[in-house]
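In what follows, a single structure is set out as structure tokens and then discussed.
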2 protein chains.
Amino acid sequence: MADSPASSRDKILDVAEALFARRGYAGVGLREVADAVGLGKSSLFHHFKSKTQLYFEVLGRVLGRIEERIAPIFAAPGEPAEKLDRVLDTLLDALAEHPTTARLLLRALFEEDEFSGEPCPEEEAARQVLDGLLSGMGAVLHAGIESGAFRDVSVAHALQTMMGACVFHFASGELGEELIGAPVLSASAVRAQKHTVRQLLHHGLAAPAAASGEEDPCRS
Amino acid sequence: MADSPASSRDKILDVAEALFARRGYAGVGLREVADAVGLGKSSLFHHFKSKTQLYFEVLGRVLGRIEERIAPIFAAPGEPAEKLDRVLDTLLDALAEHPTTARLLLRALFEEDEFSGEPCPEEEAARQVLDGLLSGMGAVLHAGIESGAFRDVSVAHALQTMMGACVFHFASGELGEELIGAPVLSASAVRAQKHTVRQLLHHGLAAPAAASGEEDPCRS
DNA sequence: GTCTATACTACGATAGAC
DNA sequence: GTCTATCGTAGTATAGAC
């Protein structure tokens, strides 16, 4: 746990994270990973028993980084609308900070058929972290609907839509860059995207005659 | 062009579309395609000169199906807010009708590093269809902002967010099914998702004191 | 237009020397 | 903990018979 700075294990995870994000599970060969780390291909198997395990360990690390920052927001007190804004802000910051996160996450959210069929315990661990985040966010939406702050939308469908709205921009790479005219992770693009997501989701979700008396956070 | 119903070529395209949607470009082998069609592996090369060309032909067909339905909406007269709703409705219908579309599209929207490096003319064709759809939608947003019907958001960033919000649900497969409690393409899930997307995007985009006098389409 | 056979490369994974 | 060597399989693609 108290490893020396940048053990081989960590270097492998870093390199694999970058490659899996770029080309997906099936698109990356272990030889490519090994070369980028500066090891022989066989050495990888001393740290991870299979490619599948390596992948889910990478995914678990990414999900853990996000949960670490978002879970406290769910636990803290506050109005649903406030929490929604804070979670969106934190999530978008996390996606912006690490270029690989959004792609890895987006892939994981809709790729489930890639793997040979092995059970792999790390997969279940990653799944539970994701479930926790979704149920936390679902609770916020539910509370907001009950209190009348949010429109009476389906929580599950709103979650699905929010996931897509939040994650896609940071994964859109070349297409997004062409559309925006600057790298999607540039400071200005990130600021504009946060603003846009907040406008669309906060105002899209807010009940017509808002019961809460807070001012518009999207004007900041 | 006037082929007999279900030529080998069409069968290959259908099968490849289903497989590429499920497992991605790198995750599908031509042997798997050939077996599912009922041909030998080598016979595929009589219809498509490479795996890459097959992929982009599949992608082009999918994009063409969408453009065919959405382009007329851009060309027709109408208020931006009206057009926005009609485009969202049509797009969501198209995504719901063909289970493979959303996944194939989502992959194509953020995967650009998968291919060996060949130029492939079909790639450019697909790209142009996509660019046309995006610029059409961008024009609607721009017009709406100018007329005061929409908030003053960045068009490019709104497009990015809308893409994610619209497409993700229909690609979310197992995860979405667990979240919603029914297949994401079931009639009820599709109806609820259309309702949710319309609420979030229409109201999220509508200017605070709407200049247009139309009633709320999300109450239908 | 489909087949068999084949070329060549890469894959994930293992064995065992050091 | 890293290496070389190797196994067995599967990848894309081509050649040529039918």
Side-chain angles (χ1 to χ4, degrees), chain A residues 1-17 19-20 22-59 111 113-123, chain B residues 1-20 22-59 107 111 113-123:
Chain A
M1 289 295 178
D3 285 347
S4 65
S7 65
S8 272
R9 207 188 130 88
D10 290 335
K11 278 200 277 192
I12 295 169
L13 283 170
D14 288 342
V15 165
E17 180 175 325
L19 287 171
F20 283 141
R22 222 180 289 282
R23 285 200 263 294
Y25 179 80
V28 173
L30 293 183
R31 161 144 206 177
E32 197 180 358
V33 177
D35 283 353
V37 178
L39 289 176
K41 196 174 47 159
S42 304
S43 305
L44 301 185
F45 290 92
H46 261 263
H47 301 279
F48 306 94
K49 75 166 206 269
S50 71
K51 184 188 180 186
T52 306
Q53 196 212 359
L54 170 60
Y55 173 78
F56 281 113
E57 210 135 339
V58 165
L59 183 60
E111 308 208 35
D113 243 14
E114 300 259 332
F115 315 101
S116 325
E118 307 141 75
C120 195
E122 285 80 9
E123 177 172 6
Chain B
M1 288 297 179
D3 286 345
S4 65
S7 64
S8 273
R9 206 189 131 89
D10 290 336
K11 280 200 274 191
I12 294 169
L13 283 170
D14 289 341
V15 164
E17 181 175 325
L19 287 172
F20 283 142
R22 222 179 289 283
R23 285 200 264 293
Y25 179 80
V28 174
L30 293 183
R31 160 143 208 181
E32 197 180 359
V33 177
D35 283 353
V37 178
L39 288 177
K41 202 173 40 159
S42 305
S43 303
L44 301 185
F45 290 93
H46 257 265
H47 301 278
F48 306 94
K49 74 165 207 269
S50 69
K51 184 189 180 184
T52 305
Q53 196 212 359
L54 170 59
Y55 173 80
F56 282 113
E57 209 135 340
V58 165
L59 183 60
R107 293 191 126 101
E111 308 209 33
D113 243 14
E114 299 259 331
F115 315 100
S116 325
E118 305 140 76
C120 195
E122 285 80 8
E123 177 172 6

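Chain identifiers are assigned alphabetically (A, B, ...) following the order of the sequence lines, protein sequences preceding nucleic acid strands; residue numbering begins at 1 within each chain.
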**Request:** Go through residues 24-40 of chain B and report each residue with a non-hydrogen atom lying under 4.0 Å from DNA chain D, sorted by number.
**Result:** B/V28, B/G29, B/L30, B/R31

**Request:** Quick one: do A/L13 and A/F48 satisfy side-chain contact (heavy atoms from CB on, under 4.5 Å)? Show the steps, please.
**Result:** CA-CA 10 Å; A/L13 283 170; A/F48 306 94; 3.8 Å; yes

Just how far, in rounded Å, is [atom2] of [N] from [atom1] of [X]?
{"X": "A/R9", "N": "D/dT2", "atom1": "CZ", "atom2": "C1'", "result": "17 Å"}
{"X": "B/F48", "N": "D/dT12", "atom1": "CZ", "atom2": "P", "result": "15 Å"}
{"X": "A/L54", "N": "C/dA13", "atom1": "CG", "atom2": "P", "result": "10 Å"}
{"X": "B/I12", "N": "C/dG1", "atom1": "CD1", "atom2": "C1'", "result": "10 Å"}
{"X": "B/F115", "N": "D/dT12", "atom1": "CZ", "atom2": "P", "result": "13 Å"}
{"X": "B/H47", "N": "C/dT2", "atom1": "NE2", "atom2": "C1'", "result": "8 Å"}
{"X": "A/L44", "N": "D/dG1", "atom1": "CG", "atom2": "P", "result": "14 Å"}

**Request:** Specify the angle, to 10°, made by the local axes at the two ends of the helix from C/dG1-D/dC18 to C/dC18-D/dG1 when five pairs are taken at each end.
**Result:**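 So the angle between the two local helix axes works out to 0°.
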
Rounded distance (nearest 0.5 Å) linking atom [atom1] of [X] with atom [atom2] of [Y]:
{"X": "A/I12", "Y": "A/L44", "atom1": "CD1", "atom2": "CG", "value": "5.0 Å"}
{"X": "B/F115", "Y": "B/C120", "atom1": "CZ", "atom2": "SG", "value": "9.0 Å"}
{"X": "B/S7", "Y": "B/H47", "atom1": "OG", "atom2": "NE2", "value": "7.5 Å"}

**Item:** Side-chain touch B/L59/B/F20, heavy atoms, less than 4.5 angstrom
**Value:** no

**Asked** Quick one: does B/F45's side chain get under 4.5 Å of B/L30's, heavy atoms only?
**Response**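 Side-chain contact under 4.5 Å: yes.
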
**Request:** Under the salt bridge (Lys or Arg N to Asp or Glu O under 4.0 Å) rule, collect the residues that match up with A/E57, sequence neighbours excluded.
**Result:**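 For A/E57, the residues satisfying salt bridge (Lys or Arg N to Asp or Glu O under 4.0 Å) (neighbours in sequence not counted) are A/R9.
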
**Message:** Quick check on D/dC3: is either OP1 or OP2 less than 4.0 Å from any side-chain nitrogen or oxygen of A/S43?
**Reply:**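 Indeed, a polar side-chain atom of A/S43 lies that close.
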
**Asked** So, A/K51 side chain and A/Y25 main chain: donor-acceptor pair closer than 3.5 Å or not?
**Response** yes

Report, one pair per line, the protein and nucleotides 14-18 of chain D atoms (nitrogen or oxygen only) whose separation is under 3.5 Å.
from, atom 1, to, atom 2, distance (Å)
D/dT14, O4, B/S42, OG, 2.7

**Request:** Could you tell me which residues satisfy side chain to side chain donor-acceptor pair (under 3.5 Å) with B/R107, sequence neighbours excluded, listed by chain and number?
**Result:** A/E111, A/E114, B/E111

**Request:** Sorted by first residue and then second, give each salt bridge (Lys or Arg N to Asp or Glu O under 4.0 Å) pair with at least one member in residues 24-46 of chain B; sequence neighbours left out.
**Result:**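 Sorted pair list: B/R23-B/E32, B/R31-B/D35.
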
**Asked** Which atom names give the shortest non-hydrogen contact between A/Q53 and A/K49, and what distance separates them?
**Response**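 Taking A/Q53 first and A/K49 second, the nearest heavy atoms are OE1-N, 2.8 Å.
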
